[in-house]
Amino acid sequence: MTALSGFLLSQWYDLRDLGNPVRALIDWINGWGDGTTFHWVGYIVAGLIGAAAIGLFLGIAMLSLIWIERKAVSRIQIRYGPNRTGPFGLLQPVADALKLMQKEALTPLAGDKIVFWLAPVVIFIPTLLVFGVLPFGPKMTAANISVAVLYIVAIGSATPLVIFMAGWSSNNKYSLLGAMRGIAMAISYEIPMVLSLLGVVLFTGHMDLNGIVQWQQKYHVWLIVLQPLAALTYFISASAELNRTPTDIAEAESEIVAGYHTEYSGMKFGLFYAVELGNALAVSGIWATLFFGGWWLFGLDRWIPAWLIFLGKMYILYGALIITRGTLPRLRIDQLLDFAWKFLLPLALVNVLVVALEVTIWQENGISAGIVLPVFAVVNILLSVVLVVGYVQSFGFARRQRPRRARLITDTLAAMPQ
Amino acid sequence: MTIQTEPFIVNIGPQHPSTHGVFRMRVVLDGEKIIDADMVVGYLHRSLEKLAEERTYTQNIPFTDRMDYLSAMSNNLGYCMAVEKLAGIRVPERGQYLRVIMAELQRIANHSMAIGTFINDCGAWQTPLMWMFAEREKILDLFEMTCGARLTCNYMRIGGVAFDIPDEFLPAVNGLLDDLPRKIDEYEKMLMENEILIARARGVGTIPRDLAISASLTGPMIRGCGIPFDIRKADPYAVYDRFDFAIPVGENGDSYDRFLVRMAELRESVKILKQAVPALPGGPYKVDVPLSIRPPIGDAYARVESPKGELGYYIVSDGGTAPYRFHVRAPSYINLSVLREMVIGASVADSIVSLGSIDIVIGEVDR
Amino acid sequence: MTLELTGERVVARINELLPDAHAEAVGKSVYVPAESLLAVCEALRDDADLRMQHLTSMTAVDYVTHFETVYHVQSLAKNHLAVLKCRIDERDDPEIPSVVSVWYGAQLQEREVYDLFGIRFAGHPDLRRIFLWEGFAGYPLRKDFLQIAAGAQHPGLPHFPKQEQGFGVLTGPNWTAPPSHES
């Protein structure tokens, strides 16, 4: 076994990590001439391969996600979902895309045409850029930058701008309302999101995603066990920015038609739709990387290709987003902002405090990880359960509401107000 | 620094996902808060009351289907009762029981739809609607079995019902009645303690009790305010006085109470059906009435508890074959009287929830 | 069973409350003159004996010679129902006091009657047409609206609404928004 894996290891044909063939290619290019002259070619080729890979991956992923999401949601809603186009309706996304391309791209007469045209194009950029730093395998990161966590936060906060571009340039009242709501929400949820990431960074001492995965590999533990509060706050606040059902106030279908993309038709609408899916996938990817070990799976990653593990985790976590979408009604905007400021922010702050204390205890006293990590895990899980349950019990709506059931009256005339 | 702001007029509708048809609400917004509201209806006005003056009494029955197309049976029933009252026709026992069975099935179907769309308006992504649809489908299948139509049934006739039930109807309805309580339990478990739903609907669109009476509200709207006014109890028609059932009422008069009332009414309807189906007597299901019936000169007002509220028909006869005046007291329309009171001061999101909790059907509002 | 009060019973009570109301009983219904309609309605609502809190239905009938508005009022607490009618002899510009101040629920129903019969309700807070648009020619539920029997070829509207003001119902490049689109 070891011989086999040693034979395979890091050769160009070792497809457990698609970074290996690329590395081999770049090394070959770098070896041209005297070994230094053509480094720029290798740099460009590497960049192009990364960009092409991400583009291809996103294209296929979005098509598959449309099908997965429609099928899963239809199962939640006790119906069949797409089952006419191709086997099991697998060609439905293709049909959807073709239909969208055929449709006329309308531009509002009184809108700002340039910004209106630009918005669906620009909104794609943050999504693409986030995938650039996601480690699909040990060597499969298009841009392995050392401050990837900071980078994700920075790129993610560009989206509200595009939402506002779309909402403003449409010259539609629903669009404007949607854009305003979207910005208010995005700004509020940025803070708990950043704070929850801060907990992870403090604990692991790494800001690059590969480093965080390797930290989890080193201590043989998923960070969700050690950081349940951070995982919860990150999941809620990041999914809040996705404009999916429990938090889709920016495009609340039943209230403001489609929010900021009311006026978009044809493929422009298709781009917004694709970006929504792509962002959701990116969030589940980041979640998988930070809290579920990324491409690492308790040693199994030696036998299963790392990128398959990562994709599997990403799609499974995407399932969590589908379930929340299919089962929860939407909150009102003030309730949503209340939730961010009064629930997620304190939780994230408590988490940062606890993590800082723990890291100090651990590092200052030099206790071995084998003793300290189980203790931390128990403490953090207990703390998060106590905080969440305590919050629900003391501030939840369901407990305070009255009456819980309608009163049944048989003698109506006697009960009638005089 | 002061910022110059001005109110913002938004037309919610007539083409809007949550206006349940072509309803239009003009709202003046200050930010997200509604400071003034006005409703504009009439996009579906088919001048039904005028058309009815040109047709015979029997020809008018299909018109009533098209008003509240989600509860056609109740509409038929009210109209036929008005003509029977005018002409002094007594309906045989079996006909009365069939009418009650159909009306209660229709109530379950309508409330399923109402609850589903209400939660959709609260922002759920269609899941409750689809769940509720499953039950509604079974009831519509029963209707199809009986009269060949699912929505616009045209089943009641002056003097009884159009057809007797087929042989497979009773087993099917018994199976449904065995199944329904379990399903309703499931819905209650799924919906009633839902934190987000409570947060969205509790305290939204509250109607004070005095206003509810003064504004002629009926149906779940007035019962949500704690007033147990139900025509089936107050003015029993058909054979409702023989059944044991209760009237569910809310307490605060908000959207959530109306939802609770509808939920409990599902159970009460099942209770009525469980008594009515075994007690279904034999005998004729209708009396023979001439197709072009000529009721004596006079006027009559008959009302039934349609799922939306009190559905009244005021018919004036001049002794001819067509009604001289045909007026419908449409519950959806009159329940809209308090829309302004419900939405002013609320946000756009709340106004949609309030509107959804009224449970309007535009066909009935505009007629 | 809701008790349908006879006209005599209601008239007797009205005469006790308002001696100069001149209400008149015909069968089950009570004819109230337009001048005293508002006072009678208010008295019926506030009277401890009748407690007509709930205006069930309000409509009008065109009897060609005159109009009649019909009010079905009921008491939820006492569970009885009475029918009030009010006769309007004027045909060109019929007017009657509005009962919105007594029963708030009359608001939409009176707007409907105004829209379809052209009966104006004095004191109504917001009397506009509701199903049809402002400027619709004629009042459809009047018996003289559709005169097919009388040989008219094109009953109802002679032309598109608001055509005489320079714009039709159609929109297009030549269409300009009216100064007040709503009313």
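Note that this is a predicted model, so its numbers are computed, not measured.
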Expected output: side-chain A/Gln335 to main-chain B/Ala199 donor-acceptor under 3.5 Å: yes
- prompt: Using non-hydrogen atoms only, which part of A/Arg407 is less than 4.5 Å away from chain B: side chain, backbone, both, or neither?
  reply: both
message: Check this for me: A/Tyr391, atom OH, are more than 12 non-hydrogen atoms of other residues, nucleotides or ligands nearer than 6.0 Å?
response: yes
Segment of B/Arg200 engaging chain A (4.5 angstrom heavy-atom cut-off): both
- prompt: Is there side-chain contact between B/Glu268 and A/Leu408, with at least one heavy-atom pair below 4.5 Å?
  reply: yes
task: Kindly indicate, with the supporting measurements, whether the criterion side chain to side chain contact (heavy atoms under 4.5 Å, CB included) is fulfilled by B/Ile196 and A/Arg330.
output: CA-CA 7 Å; B/Ile196 298 182; A/Arg330 180 190 313 121; over 6 Å; no
- request: Could you tell me whether the side chain of B/Ser347 reaches within less than 4.5 Å of the side chain of A/Asp334, counting heavy atoms only?
  value: no
message: Please check this pair: side chain of B/Thr127 against backbone of A/Thr327, looking for a donor-acceptor N/O pair closer than 3.5 Å.
response: no
- request: Between chain A and each of B/Leu29, B/Ile352, B/Val249, count heavy-atom pairs under 4.5 Å; write down the option with the most.
  value: B/Val249
- prompt: Is the shortest heavy-atom distance from the side chain of B/Phe133 to the side chain of A/Arg79 under 4.5 Å?
  reply: no
task: Sort out for me which of B/Gln15, B/Met192, B/Arg223 touches chain A most, counting heavy-atom pairs under 4.5 Å.
output: B/Met192
query: Which residue out of B/Arg202, B/Gln126, B/Glu32 racks up the most heavy-atom pairs below 4.5 Å with chain A?
result: B/Arg202
task: List the atom of B/Trp131, the atom of A/Ile76, and the distance in Å for their closest heavy-atom pair.
output: NE1-O, 2.9 Å
query: Has A/Lys173 got more than 12 heavy atoms of other residues, nucleotides or ligands less than 6.0 Å from its NZ?
result: yes
message: Between B/Asp257 and chain A, with a heavy-atom cut-off of 4.5 Å, which part of the residue counts as in contact: side chain, backbone, both or neither?
response: side chain
task: Might you work through the side chain to side chain contact (heavy atoms under 4.5 Å, CB included) test for B/Val204 and A/Arg332, ending with a clear yes or no?
output: CA-CA 11 Å; B/Val204 170; A/Arg332 205 167 56 209; 3.9 Å; yes
statement: Pair count under 4.5 Å, heavy atoms only, with chain A: among B/Ser351, B/Ala234, B/Pro228, B/Gly226, highest is B/Pro228
query: Would you find more than 12 non-hydrogen atoms of other residues, nucleotides or ligands less than 6.0 Å from B/Gln275 atom CD?
result: yes
message: Can you confirm whether A/Trp168 is buried at CH2, in the sense that more than 12 heavy atoms of other residues, nucleotides or ligands lie under 6.0 Å from that atom?
response: no
field: Nearest heavy-atom neighbours spanning A/Pro329 and B/Cys122
entry: CB-O, 4.0 Å
task: Pick whichever of B/Asn120, B/Asp244, B/Ile213, B/Asn252 has the most heavy-atom pairs under 4.5 Å with chain A.
output: B/Asn252
message: Using heavy-atom distances under 4.5 Å, tell me whether B/Leu129 contacts chain A through its side chain, its backbone, both, or neither.
response: neither
- request: To the nearest 0.5 angstrom, please state how far the CE atom of B/Met130 sits from the CD1 atom of A/Ile78.
  value: 9.5 Å
